[in-house]
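For the numbers below, each heavy atom of this structure counts, side chains included, while hydrogens, waters and symmetry mates do not. First the proteins, then the strands, lettered A, B, ... as listed; each starts at 1.
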Amino acid sequence: MTRRLSVFIMMSMNQIRVRFAPSPTGYIHVGNARTALFNWLFARQKGGIFILRVEDTDIERSKEEYEKRLIDDLRWLGLDWDEGPDIGGAYGPYRQSERLEIYAYYAQKLIQSGQAYYCFCSPEELEKEREEALAKGLLPRYSGRCRHIPLEKALSRLNSGEKAAIRLKVPSKGELGFHDLIRGDLTFDLSLIGDPILLRSNGLPAYNYAVVIDDHLMAISHVIRGEDHISNTPRQLLVYRSLGFDPPLFAHLSMVMGKDNTRLSKRHGATSLDQFAQMGILPEALFNYLAFLGWAPPEGQEVLSRDELIALFDLKKVSRSAAIFDYEKLYWLNRQHLKRLTLSEKAKKAYPFLLEAGLLPKEMTSQHWSWLEKAVDNFLETVNRLDELPERFRLLFDFSPENMDKEAREILDKESSLRIVKLFCEKIKTLTSFNLEVFNQVVNEIKKETGAKGKELYHPIRIALTARASGLELDRLIPLIEEGTKLTLPKPIPSWSERAQKMLHFLDNRPFFKV
RNA sequence: GCCCCUGUCGUCUAGUCAGGUCUAGGACAUCGCCCUUUCAAGGCGGCAACACGGGUUCAAAUCCCGUCGGGGGCGCCA
């Protein structure tokens, strides 16, 4: 071994190396995303290495398509990795399906040293035994029946074409413990653990085995993963021990639950990252929220950027109890992050949602963008999510007196209001230009002519202009409409005169309105 | 069934390791008020928790024991 290589190994021994190891069996779930995020925060804070490893040994369920989506989704969230299947690295390959010879090699070593053995039991037999044990209230654990088959005999059965899995021999008594960075010292009774499968009869490794080989060979220093792996840890520790590997440090994160305290699933609402993107949740907001699931910064700060989170994060302060995913708080955080964007970022983020709704054109001119910025500046502060924006924009695009809400109708039922609406419409229907100045002039005239003021005056005028009882402040709304009518849009914004004429026409054909 | 983890406002949590400074702090949600030509936003304020029962102690959210609740595991899934 060269001096340089040994220096390299020495360095990597002290190097913090963590990994996120998902199975590409579906779209990435927020619970897994949170695990990835905690690993990432830890690595980035400590100047360590963050690795993405794809655990695709479940051939039935793993799909290439999912791996691609997984990568896209993680990147969308704002995570990056130093080694992974898409970018390579010194400890690859990073896809378990490409590491099969490695698993076979170590399994053989264990067979040869007598620490593992061939098991010829069929999955059906085992399933039956397990069910029987469960029914009797016994421990559903493998009997160890094949443990005593002499190696020569096993080999000859193998040669004659029989299929076998490889199992690890687990001591029948004793205790095994480890220190968990979040939960402290944990101990387990070995007599309760059956001999785990290392290699399945199809040659593919089982999770509890592959994870050990990979974590060791990839020089993982800290395994940060979900609580559902706590009881797997002793099994894995046994593999480390049999192979003479030093185990890494472990930290088990609590689960993420839905509102009814069951595991978060589709029926609780959005769970996969792409769904949050579609809802108009900013990745930095989801990132912020996920970091807060089971952890809180020391001084109670709430709205934090990725960099601030890196600086503040502390694995030792992570909560031990399960957290419920609260959409309301996520939405609030999203609003806060939305507010932090610059005007042009706001417009850029809003655009896809307005395009999708058919309100803005595919080809945007600089006039479009400048108008969008103004509009977004007014509407964004009223929403939690970007996907609520088209609905707000309809205040500008839709003008339909026939669809007035109850509140607006009730106001029009008052004779004084109706008179103001008509007066206002008559005055503006023939105007060639309309702006705030003209508007105020017209309003002043009406004020003089009718004596109305305040709410009595402005509420009807709002209805005349928008056919709605509520919305944006009028002096912010008018410039937006005025400028918007000059734009080329898939669906034009009605001008003041169109509005006035449409409203008058509507009123004339409504006999039940007085006057 | 057995094993493991876990338990502070409805929710996320601070406080628990080193018991008194906790008549338990913050945030979301909710309710009320203010601002306001509407609706929001914003500002201010209110409601709201140490799962329960024992013990130790001058003193317990904090330490010990038990009970109960919640979650996870016991796969040729990961």
Checklist entry - What's the spacing between A/Glu381 CD and A/Leu472 CG if we round to 0.5 Å? => result 8.0 Å

Item to check | Over all atoms of both residues, closest heavy-atom pair of A/Ala154 and A/Ile149 | outcome: N-CG2, 3.9 Å

Applying a 4.0 Å non-hydrogen cut-off, can you work out what [X] is touching in the nucleic acid: base, sugar-phosphate, or nothing?
X        : answer
A/Phe188 : sugar-phosphate
A/Leu293 : sugar-phosphate
A/Leu126 : base
A/Glu381 : base
A/Ile230 : sugar-phosphate
A/Arg462 : base
A/Glu299 : nothing
A/His229 : base
A/Lys339 : sugar-phosphate
A/Ser201 : base
A/Lys316 : nothing
A/Gly194 : nothing
A/Arg468 : nothing

When the [atom1] atoms of [N] and [M] are considered, how many whole Å apart are they?
N     : M     : atom1 : result
B/C17 : B/C77 : P     : 45 Å
B/G15 : B/C22 : C1'   : 8 Å
B/C5  : B/G10 : P     : 27 Å
B/G7  : B/C50 : C1'   : 10 Å
B/U21 : B/A59 : P     : 14 Å
B/C74 : B/U23 : C1'   : 48 Å
B/U6  : B/C63 : P     : 13 Å

Under a 3.5 Å cutoff, is there a donor and acceptor pairing between the side chains of [X] and [Y]?
X        : Y        : result
A/Gln96  : A/Asp56  : no
A/Ser400 : A/Arg468 : no
A/His216 : A/Tyr106 : no
A/His252 : A/Asp228 : no
A/Asp58  : A/Tyr207 : no

Checklist entry - Is it true that A/Lys68 and A/Glu65 have a side-chain N and a carboxylate O under 4.0 angstrom from each other? => result no

Next on the checklist: Does this structure show an ion pair linking A/Arg53 with A/Asp215, if we count only N-O contacts that are shorter than 4.0 Å?
Outcome noted: yes

[N] [atom2] sits how many Å from [X] [atom1], rounded?
X        : N     : atom1 : atom2 : value
A/Met257 : B/U13 : CE    : P     : 12 Å
A/His179 : B/C17 : NE2   : C1'   : 12 Å
A/Trp295 : B/U13 : CH2   : C1'   : 12 Å
A/Lys329 : B/G26 : NZ    : P     : 13 Å

Verify the contact: side-chain N or O of [X] to OP1 or OP2 of [N], cut-off strictly under 4.0 Å; return yes or no.
X        : N     : value
A/Thr57  : B/A78 : yes
A/Lys447 : B/U37 : no
A/Arg130 : B/C74 : no
A/Arg141 : B/G1  : no

Next on the checklist: Could you check whether the side chain of A/Asp228 and the base of B/A78 have a donor-acceptor pair of N or O atoms closer than 3.5 Å, going by distance alone?
Outcome noted: no

Among the candidates [options], find the nucleotide nearest to the side-chain atoms of [X].
X        : options             : answer
A/Leu192 : B/A78, B/C3, B/G15  : B/C3
A/Arg183 : B/C5, B/A78, B/A14  : B/C5
A/Ala206 : B/U13, B/U37, B/A78 : B/A78
A/Glu328 : B/A29, B/C76, B/G42 : B/A29
A/Arg200 : B/C76, B/C5, B/G73  : B/C76
A/Ser231 : B/U37, B/A27, B/G72 : B/G72
A/Met255 : B/A78, B/U38, B/G71 : B/G71
A/Thr262 : B/U13, B/G71, B/G42 : B/G71

Complementary nucleotide of [N], counting Watson-Crick and G-U pairs under 3.5 Å:
N     : value
B/G19 : none
B/G66 : B/C52
B/C44 : B/G32
B/U11 : B/A27

Item to check | Upstream residue (5' side of RNA chain B) when A/Trp332 and A/Phe292 are each assigned their closest nucleotide | outcome: A/Phe292

Item to check | Along RNA chain B (nearest heavy atom to each residue), the more 5'-positioned of A/Asp189 and A/Thr382 | outcome: A/Asp189

